[in-house]
Amino acid sequence: MKLTGRFFLTHGALGVFTLAVSFVLMLGGSLVMLRREASRAQMQALETLGMSAREAALQREDVALLNFMRHSASEPGVLYAAYRNPRSGVVLTAPQSFEGEASATGAPVVPGPATRPRTLRNGTEAVEWIQPVQVEGLRNGWISLVYSKTALARGLRDQLARWTGLAVAAGAVALLLGWGAACAIARHLVTPLKLIRDGTHLVRSGRLGSLVAVDRDDEIGDLARDFNAMVLQLKELDEMKRDFVAGVTHDLGTPLHAIRSASNYLQAGDAGPLTDKQAEYLLMISNSTQHLISFINNLLTVSRIEAARLEPYFEPVDVMAHASELVALYQAQARERGVDLKLVRKVPYVSLVADVTMFRQISMNLVSNALKFTPSGSVEVVLGEEDGDFLLEVRDTGVGIPPEYQELVFDKFYRVKQGKEFPFQQGSGLGLSIVKGLVEAHGGRVTVESGAGKGSVFRVRLPKQPKPTQWYGGRKEGEA
Ligand code: ADP
């Protein structure tokens with residue numbers, strides 16, 4: 001999973017977990033708080049009613065008390081309010097329908113406000129708040145406020161639901177803000193990492209001038225600086241190696257050409273007749289020399305490609321003639337191995353302006369590889385066009401290349417390790433890197449489609465006409 005995705009998930013999970021824990025804790029806390037608040041309000045209402053009862057007793061104004069009781073009874077959750085004075089026999093109840101209930105209860109023995117559970121005669125569960133009424137130091141009856149338990153619970157539930165709604169909305173906003181912050185942090189971390197990754201890809205494809213521009217003081221900045229230092233070191237090593245290879249190949253080439261010329265003269269009988277054994281040994285010397293010269297030429301081509309010193313000489317190419325010649329050249333080798341080698345033309349005529357020598361080398365490298373890695377079956381050289389470009393395809397039914405190696409085979413010296421069941425003669429691993437370099441020097445592209453045991457299709461696409469371009473060997477001018 002990508003880093004950004006992970007950030008979102010972990011941050012989201014952490015946020016949800018924190019919110020859930022805080023929600024449970026706050027829910028428990030607010031339940032206690034709401035209950036305490038309700039209880040305080042009920043006691044306050046009782047105290048106010050008690051004060052009114054004392055005033056009424058002092059001024060002998062039962063009507064005023066009754067009005068106040070009616071007012072108290074209209075408060076939410078209150079079933080009825082009552083005043084009872086056993087000494088004077090006065091019983092006031094609001095609403096009056098509860099008079100029976102008020103008369104039925106005994107006098108409280110409490111000195112101050114108290115609660116007691118009650119079950120009314122109609123079965124209603126209630127809570128009764130009671131308080132004696134003291135007038136001039138004497139007890140003058142008692143007042144009570146009776147609340148319905150169900151109504152009290154409903155009130156509590158409603159308040160809790162309102163609070164929960166608010167908490168959920170606040171939680172959702174917090175979660176969204178958290179996700180926004182996670183997104184910003186992820187971007188802050190991932191953007192420079194992506195730059196470093198892209199730089200790695202460029203270096204991997206041989207562009208050793210690719211430094212990453214990450215200017216930070218943290219560990220990612222350190223990584224970028226180390227990466228750049230490593231790239232510069234690689235570039236320096238690469239230049240040293242390139243100079244070394246160019247020097248060595250040049251030094252080796254001269255004596256090898258001399259050996260080949262000398263063995264050619266000997267084979268031609270310039271130094272007198274040869275015995276059969278001498279001729280046999282000379283052939284071995286000549287073949288090995290030729291092999292070494294081809295290898296050195298390949299090395300030189302690779303050095304030129306890498307130094308971007310390869311400039312195609314563009315001229316019209318008789319593609320059909322070259323392809324037919326190539327197929328004819330490899331026909332004997334194909335027949336010997338029991339492979340059907342043929343040329344397929346998808347269009348009657350294909351035009352191409354390219355470097356003839358380079359074009360020949362591209363097609364030869366691909367066809368010789370196809371024959372080398374096809375123990376039986378067929379090899380097709382297909383000429384055609386695609387979206388206005390010239391297209392050369394070399395298709396084989398050979399061992400194929402597993403997907404994980406398909407990009408690597410274009411690297412120089414890279415060879416796919418073959419199983420023991422395929423005793424192919426391995427080459428130097430330069431052929432495809434040369435193909436890629438030459439194709440890119442033309443502003444084209446080479447790709448492979450393959451799979452283990454499924455054969456391979458190498459596809460070369462070249463512009464039919466050279467473009468006025470500053471690209472050589474796949475590099476921009478001035479780029480190392
Ligand atoms: P080599 O000189 O070893 O052929 P190349 O650069 O031409 O070097 O090829 C690199 C590797 O790619 C080869 O060693 C081989 O493993 C693989 N390869 C190239 N062409 C084919 C093909 N047509 N079928 C299967 N494998 C191939």
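First listed ligand is number 1; within each ligand, the first listed atom is number 1. This chain uses plain numbering: 1 for the first residue, then up along the sequence.
Between Glu325 and Arg360 there is a salt bridge, with a side-chain nitrogen of the basic residue lying less than 4.0 Å from a carboxylate oxygen of the acidic one. A salt bridge does not link Lys346 with Glu385: every distance from a Lys NZ or Arg NE/NH1/NH2 to an Asp or Glu carboxylate oxygen is 4.0 Å or more. Asp238 has a carboxylate O that lies under 4.0 Å from a charged side-chain N of Lys241, or vice versa, which qualifies the two as a salt bridge.
Near Val416, the atoms of ligand 1 lying under 4.0 angstrom from a non-hydrogen atom of the residue are 14 (O), 16 (O). With ligand atoms numbered from 1 in the order given, ligand 1 contributes 10 (C), 11 (C) to contacts under 4.0 Å with heavy atoms of Tyr414. Every atom of ligand 1 with a heavy atom of Ser428 under 4.0 Å away is listed here by number and element: 2 (O). Within the listing of ligand 1, atoms 1 (P), 2 (O), 4 (O) sit less than 4.0 angstrom from a heavy atom of Lys372.
Remark: Phe458 pairs with no residue by the ring-ring contact (aromatic ring centres under 6.0 Å, His included) rule, at least two apart or across chains. Residues satisfying the ring-ring contact (aromatic ring centres under 6.0 Å, His included) criterion with Phe244, sequence neighbours excluded, are absent altogether.
Judged by distance alone, the side chains of Ser39 and Gln42 never bring a donor and an acceptor atom under 3.5 Å apart.
At a 4.0 Å heavy-atom cut-off, ligand 1 touches Phe458 through the side chain alone. The part of Ile401 lying near ligand 1 is the side chain, judged by heavy-atom distances below 4.0 Å. Counting heavy atoms under 4.0 Å from ligand 1, residue Asn365 does not touch it at all.
Under a 4.0 Å heavy-atom criterion, Gly429 is in contact with ligand 1.
Ring to ring, Phe314 and His442 are close: their centroids are under 6.0 angstrom apart.
The closest non-hydrogen atom to atom 14 (O) of ligand 1, taken over Arg415, Lys436, Lys417, comes from Arg415. Between atom 17 (C) of ligand 1 and the options Val409, Leu408, Leu366, the minimum heavy-atom separation is to Val409.
For Arg216, the CZ atom is densely surrounded, since the number of other residues' heavy atoms within 6.0 Å is greater than 12.
For Asn369, a nitrogen or oxygen atom sits less than 3.5 Å from a nitrogen or oxygen atom of ligand 1, counting backbone and side chain alike.
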